[in-house]
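Notes to accompany the following structure.
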There are 2 protein chains.
Amino acid sequence: MPKLPFSRAEYDARLTKTRNEMARRGLDALFVTDPSNMAWLTGYDGWSFYVHQGVLLTLEGKPIWWGRAMDAVGAGLTTYMTAENIRGYDDTYVQNPDKHPMEDLAHLIREQGAETFSIGLELDNYYFTAAAYLTLQQSLGCATFKDATGLVNWQRAVKSDTEIEYMRRAARIVEHMHGVIRARAEPGMRKNDLIADIYHAAISGAEGHWGDYPAIVPMAPSGMDATAPHLTWDDSPLRAGESTFFEIAGAYKRYQCPQSRTLFLGKPPQKYLDAEKAVLDAISAGLEQAKPGNMCEDIAHAFNQTLDKHGFKKDSRCGYAIGLSYPPDWGERTMSFRTGDKSVLEPGMSFHFMPALWLEDGGLEITEPIVITQTGAECLCTTPRALVIKE
Amino acid sequence: MPKLPFSRAEYDARLTKTRNEMARRGLDALFVTDPSNMAWLTGYDGWSFYVHQGVLLTLEGKPIWWGRAMDAVGAGLTTYMTAENIRGYDDTYVQNPDKHPMEDLAHLIREQGAETFSIGLELDNYYFTAAAYLTLQQSLGCATFKDATGLVNWQRAVKSDTEIEYMRRAARIVEHMHGVIRARAEPGMRKNDLIADIYHAAISGAEGHWGDYPAIVPMAPSGMDATAPHLTWDDSPLRAGESTFFEIAGAYKRYQCPQSRTLFLGKPPQKYLDAEKAVLDAISAGLEQAKPGNMCEDIAHAFNQTLDKHGFKKDSRCGYAIGLSYPPDWGERTMSFRTGDKSVLEPGMSFHFMPALWLEDGGLEITEPIVITQTGAECLCTTPRALVIKE
C-alpha cells in the first residue's frame, strides 16, 4: 500500500465536500486537471503534468485516475486507488498533432455512462488547454460542459490540522533558507552560487523534515532588476550598495510556505529605510485585520491606507491563499488580498501576505505566510521581519 | 540595454522564419503563449507564466509583449523591445473569476486593427487555457482563429551555433551532476540529501558557466518506485541491493541538456546486467540511424528491433526534441522517436534519446542528449554510458 500523506478519512472528507459542491452546482461529474487538486483528492504525486491527465469524479462511486499509460504505475504507487480505477492512454497520444488524448478520455466518459452528464471542467486551469476542451466538446456532443475552475481549490481553503502541520514544517525550511542567505551573502559572490546554497537548504530540509521542491524557483533580482517582480538569477556578483530580494519557499510534501526578504549589502540609503518602515507598519495594520469574520479586502485596505500615509503606493494585490501546490504557482488561485475580494476569513485559512514594493530603482519584499486562527492570525515563520542589512 | 542571450540578427532571423510560416498558413497574426516560444522570439525571461501573457506577432512591424502590468518591467529588462511595444494589463485581472485577462488582449488586438485577422493560437499549449480561448472568441467575433500549436516550436528545431554552444555548457553541467551522484551516493544516505547535492551542482554550474533552473525537477525513484517514470523524491534512505534512476538536466540560459543514469548500490542481479546490455546495444543501433536524411522513426525502429532481439520491450517513444525550455517540460514538443514520426533529420537538430526501460521491479534509464551533425550524431555528454555500480 502507498504511504499516503493523509488518512483515508481525510481523503473521504475531501471527496464528500467536493461532491456536495458539485451537487449544489448541478454537476453530475467533474474532471479535475489541476495537479494540486488531483493530489488533494487522491494523493497522486508525480511530475507528469506536462502531458494531459486528470481525475474523473462522479457523485457516487470511486474517483478514476486517467493519464498516460506509463504514469498509471505512479498512480498505483501514490494514491489510494486500485487498478480498476486507474486508466492509462496509449503513448501514441503523447504530443502527437494527429490525435488528442482527450479522445481517449471521451471513450472513458462514455464507458462510465456519463456522456449525457453535466460535466464540470477547470476551464481556466493550467494544463487544461483550449485543444483539450475543443476535443472533448467534439467527442461528446450530448454532454453539457460547465466551468468548474476553482471548484476544488475552494474546498481546500480551510486547512486541516495535518495540512497546517505540513505547512509548519515548510515554514521551518524557509526560515533555514533565509538563514543561509544571511550567513553566506557577501559582495562579489556569484548570484548562482548563493542560489545553489539556497536550493541545498531547501531540499535538505530542517528539523529532520525533508524538503520537497517549491512550486516556483527562487526569484532573486538585484538592483534595477529588482524593479521587476519575477526575474530569476544569473552569475552576476552581489554588489555593495545594492539590494536583492529573495522570494523563496520551503516545501514539505507539496505544501508550500513562501516568504520573501530583502538583503542590502552596505549601508542602505534613507529611502530604503523609509520604505522598510512603511511596509512594516502596513504589515502590522494588515495583520490586525486578519481575523475570522473579516474579509480579504479588509487586510488590503488596512495595508494600503497605512502605506499611503507613509507616501508609498502599491497597485497590485498584497496576498493570496496558499497550501498544496505544483508548478507554476504556489498560490491556490482563490482569494486575494485586494479591494473587491469579499471572501470571509475563517480559522484554518492560510495566505501569503505579500506586500512587495517594486520601486523605481529597486525592490523591497518583506512578506509573511499566515494562518487564520480562532481570534486573529498566526505568522508561520519566525524569520526577523526587517531588511537584512550586511554592512 | 538588456544583455540579450543572442544577437539582434539572430532574433530578426527567428522572426522572419516565423512570419514566413505564418504567411504560408494564411495567418495575419500569431499569439504566442508558450514561454519557450516567447523567449526564443523576444528574449523574454521571467517566472511569470503562472498568469496569462504572450507575444502578439503580425506579418509586419514589431512584436508586442503583453502580460501582467508588473511583469512589463521584466519585459523591458530582458527583451529587445521598447516601452511602446510592451503592454501590461491591470492587476485586477489576475486570478479573478469576475473578469479574464483575454478581454484586455482583445482590446489590444482591436487597437492594432487586427480584429478581423486570421489569428493563430497555440491551442494545445500549456498556459493557453480553454477559458482564454473562449474569452477571445467571445470578445472578437470577427476574427478567425486557427490552431498554431507548435508553429514556433518547429522553427526552433534546427539550432544555431550559439544555441548549440549553450547546450554544450548545459551538457558540462549535467555531467557534473552525474559525477556528484557517483561520488556521494551510498547506502543509508537520505534521498533528499543527495538531491540537495544534485541541485547544488546544477546551479553552481560547470567550467565557469552558471546553472539555470532545469525545466523539470530531478526525478529519482528507487526500487519499486522506479517502475514508474515520473516520481520525485522523499527522505527514504538509499539501500544496498536497490537501483535508482536519476533523470536530470543541466541548464544554461534556459537551454536544457537532460541525461539519465541508473545507480545500483551493491552487486546487480543478472537481469539488470542483461537489461543494461540490451539498452546499450539498442542505443548504438539507434545512434547509427541518427543522421541527416533519415527519419525520426528510423531511430525508433533500430532501437526497438535491437531491444526485441535481447528479449526486452518498450511501448513508449524513445526520444524527443530538446532545446530552450521552461517548466513543465524540457522537450520541444515537436518530433518524437517513434513509429509514424517521419520528420526528416537535419544537421543542428537536437534530441534527448531517451530509451528508458521501466521493468516489473525497477527502472533502467541510460539516455543521451544528441545533436545531428553533417554526417551523423554527436552525443553532447561524455558521462560514461553504463549502469553506475557502487559495490
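Quick note: numbers below take in every heavy atom, side chains included, and nothing from hydrogens, waters or symmetry partners. Letters A, B, ... are given to chains in the order of the sequence lines, protein chains preceding strands, and every chain is numbered from 1.
Interface residue A:Ala215: only backbone heavy atoms are found under 4.5 Å from chain B. At a 4.5 Å heavy-atom cutoff, the contact between B:Asn125 and chain A is made by backbone atoms alone. Contact of A:Ser316 with chain B is made through backbone and side chain together, with heavy-atom distances under 4.5 Å. A:Thr78 touches chain B through its side chain: at least one heavy atom from C-beta onward sits under 4.5 Å away, while N, CA, C and O do not. Proximity to chain A (any heavy atom under 4.5 Å) is shown, for B:Asp90, by neither the backbone nor the side chain. For A:Asp315, the part lying under 4.5 angstrom from a heavy atom of chain B is the backbone only.
Checking B:Asp124 against A:Gln95 by side-chain atom types alone, no donor-acceptor pair falls below 3.5 Å.
Residue with the most contacts toward chain A among B:Tyr326, B:Trp47, B:Tyr127: B:Trp47 (heavy-atom pairs, distance under 4.5 Å). When A:His100, A:His209, A:Arg317 are compared by the number of non-hydrogen pairs under 4.5 Å with chain B, A:Arg317 comes out ahead. Chosen from B:His52, B:Glu122, B:Arg338, B:Lys191, the residue pairing most often with chain A at heavy-atom distances under 4.5 Å is B:Arg338. Looking only at heavy-atom pairs under 4.5 Å with chain A, the residue among B:Thr149, B:Thr92, B:Leu121, B:Leu123 that has the most is B:Leu123. Comparing B:Gly211, B:Gly76, B:Pro97 by how many heavy-atom pairs each has under 4.5 Å with chain A, the most go to B:Gly211. The most heavy-atom pairs under 4.5 Å with chain A, out of B:Arg68, B:Arg190, B:Met219, come from B:Arg190. Of the listed residues A:Asp341, A:Ile216, A:Leu194, the one with more heavy-atom pairs under 4.5 angstrom with chain B than any other is A:Ile216. Note: B:Leu134 leads B:Leu134, B:Asp45, B:Asp147 in heavy-atom pairs under 4.5 Å with chain A.
Looking at A:Asp234 and B:Lys253, no side-chain N of the basic residue comes within less than 4.0 Å of a carboxylate O on the acidic one, giving no salt bridge.
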*Between B:Tyr213 and A:Trp233, is a side-chain contact (heavy atoms from CB on, under 4.5 Å) present by the stated rule, with each step listed?*
CA-CA 9 Å; B:Tyr213 59 91; A:Trp233 67 84; 3.7 Å; yes

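Between B:Ser204 and A:Ala196 the shortest heavy-atom distance is OG-CB, 3.6 Å.
Atom CD of A:Glu103 has more than 12 heavy atoms from other residues, nucleotides or ligands within 6.0 Å.
B:Ser236 is listed as a side-chain neighbour of A:Lys3, based on a closest heavy-atom distance under 4.5 Å. Between A:Val73 and B:Thr227, the closest side-chain pair of non-hydrogen atoms falls below 4.5 Å. Between B:Tyr50 and A:Tyr126 the shortest side-chain heavy-atom distance falls below 4.5 Å. Annotation: side chain of A:Asp71 is in contact with side chain of B:Pro229 (closest heavy-atom distance under 4.5 Å). Side-chain contact check for B:Leu231 versus A:Leu77: some heavy-atom pair is nearer than 4.5 Å.
To the nearest 0.5 Å, the span separating OH on B:Tyr199 from CG on A:Asp197 amounts to 15.0 Å. In this structure, A:Ile203 CD1 and B:Asp193 CG are separated by 10.5 Å, a value rounded to the nearest 0.5 Å.
Between the side chain of A:Asp235 and the backbone N or O of B:Trp210, no donor-acceptor pair lies under 3.5 Å.
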